[in-house]
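Comments concern the structure below.
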Amino acid sequence: MNDLNAIVLQAQAAFEQAVTPADLENAKALFLGKAGRITELMKGMAALTVDEKKSRGAAINLAKQAIEVSLNARRQALADAELQAQLRAEALDVTLPGRQRGQGGLHPVSLTLERIEAIFGSMGFDVAQGPEIESDWFNFTALNTPEDHPARSMHDTFYVEGGSETAPNLLRTHTSPMQIRYAVQHVKKFSDLANNGEGQGLFSGDMPEIRVIAPGRTYRVDSDATHSPMFHQCEGLWVGENVSFKDLKFVFTDFCRTFFESDDLVLRFRPSFFPFTEPSAEIDIQFQSGPLSGRWLEVAGSGQVHPNVIRNMGLDPEKYIGFAFGMGPDRLTMLRYGVNDLRLFFDGDIRFLSQFQ
Ligand code: DAH
């Protein structure tokens, strides 16, 4: 092998070894640069005859061209490799699943309220909403609760500044004010008489029955494992010309069995006192199986609507009669899901709440 072929092979080997463009340019300088091997050979021709120069020059040029071809091929190869690496680094897999947002859901107490509304809705009850900031009149007085009643003490009630007997001055302590609000509106629809007058001008004409539930937030100065300053109640009211305690028993028993999805449920109506009902009863339920089996659990207050309350609805108590109840959706939620601390519902801990999705 002559010296030129050896140089070409050496150059090709050096170019192959170069892994970056900078390596390659350094390798190029060794052969084609000012002090490179080929340039040196060119310089060495000065001493040759004209004929020798011709043939030697042609041979050197061929070698130089071969080196340049290899150099360009390697340049292209390195550029291609760099492009491939960049494409690989920036690759986008469009088949990957997107980043998802956590899916929200309803609060367990909201689930209970929806359930209550659906069950009573199927029994023909309307659903009404009312203000959480109430007046003494709707929260107490109209509900036959005299001014010296313990429920009015500062201990139970959050009062707000301003207000008066008839202007909003407290956070409602129960949903019972909705009995009056809803009934008054209902009566107004069927009568020109809108008054709170005692015994006079009361409506006693023909009117569709009042059948309504009123779920919502209620407030009392109270806080422990089973009481929260904000809690929920759901009021129920059914007033007509022939509504009796028997109807209350039927409606509430049916509700409880549907709510807890169990016919194996016993109810007890335990005599009690509420100013706005007479007679009054506390409703207890008892599961016949499961972890709470055999225990009596209080779920609602109830009773036959007091004649004074019927009167404050604008109705004649000689003609109209009915029952009311007030239950605790928070308590029902605890029983349904086996939760033993009410505060968990209102702490906003996502680890607790996400279990109900
Ligand atoms: N409002 C009562 C309370 O908060 C519950 C109640 C009892 C509501 C008897 C009623 C009822 O409608 O008839 O303790």
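In listed order, ligands and their atoms are each counted from 1.
- Close contacts of ligand 1 with Gly303, meaning ligand atoms under 4.0 Å from a residue heavy atom, involve 13 (O).
- In this comparison of Ser280, Gly301, Pro275, Cys234, the heavy atom closest to atom 7 (C) of ligand 1 sits on Gly301.
- Taking every heavy atom of Ser176 and a limit of under 4.0 angstrom, the matching atoms of ligand 1 come to 1 (N), 8 (C).
- Less than 4.0 angstrom separates some heavy atom of Gln179 from each of these atoms of ligand 1: 12 (O).
- Only the backbone of Ser302 comes within 4.0 Å of ligand 1, judged by heavy-atom distances.
- Below 30°, between 30° and 60°, or above 60°: for His174 and Phe140 the angle between ring planes is between 30° and 60°, a tilted geometry.
- Considering Glu16, Gln17, Gln12 in turn, Glu16 is the only one that fulfils the side chain to side chain contact (heavy atoms under 4.5 Å, CB included) rule with Arg74.
- Of the candidates Thr218, Thr157, Thr173, Asn139 forms a side-chain hydrogen bond (donor to acceptor under 3.5 Å, both in side chains) with just one, namely Thr173.
- The distance from ligand 1 to the heavy atoms of Glu235 drops below 4.0 Å at these ligand atoms: 8 (C), 10 (C), 12 (O).
- The shortest separation from a heavy atom of Gln233 to ligand 1 is under 4.0 Å, placing the residue in contact.
- Set against the non-hydrogen atoms of Phe274, the atoms of ligand 1 under 4.0 Å away are 7 (C), 9 (C).
- With ligand atoms numbered from 1 in the order given, ligand 1 contributes 13 (O) to contacts under 4.0 Å with heavy atoms of Thr277.
- Counting only N and O atoms by type, the side chains of Gln233 and Arg172 include no donor and acceptor under 3.5 Å apart.
- Using cut-offs of 30° and 60° on the angle between ring planes, the pair Phe259 and Phe255 is tilted.
- Of all protein heavy atoms, the one closest to atom 8 (C) of ligand 1 is Gly326 N, 3.3 Å.
- Proximity to Ala324 (heavy-atom distance under 4.0 Å) selects the following atoms of ligand 1: 12 (O), 13 (O).
- Side-chain contact, Asp224 with Thr226: a donor N or O sits under 3.5 Å from an acceptor N or O.
- In this structure, Arg220 has a heavy atom closer than 4.0 Å to ligand 1.
- Distance check: Lys28 NZ to Glu68 CD gives 8.0 Å after rounding to the nearest 0.5 Å.
- Relative to the six-membered ring of Phe138, Arg181 meets both conditions, a distance below 6.0 Å and an angle of at most 45° to the axis.
- Ligand 1 lies less than 4.0 angstrom from a heavy atom belonging to Phe276.
- A donor and an acceptor atom, one from each side chain of Gln76 and Asp80, are located under 3.5 Å apart.
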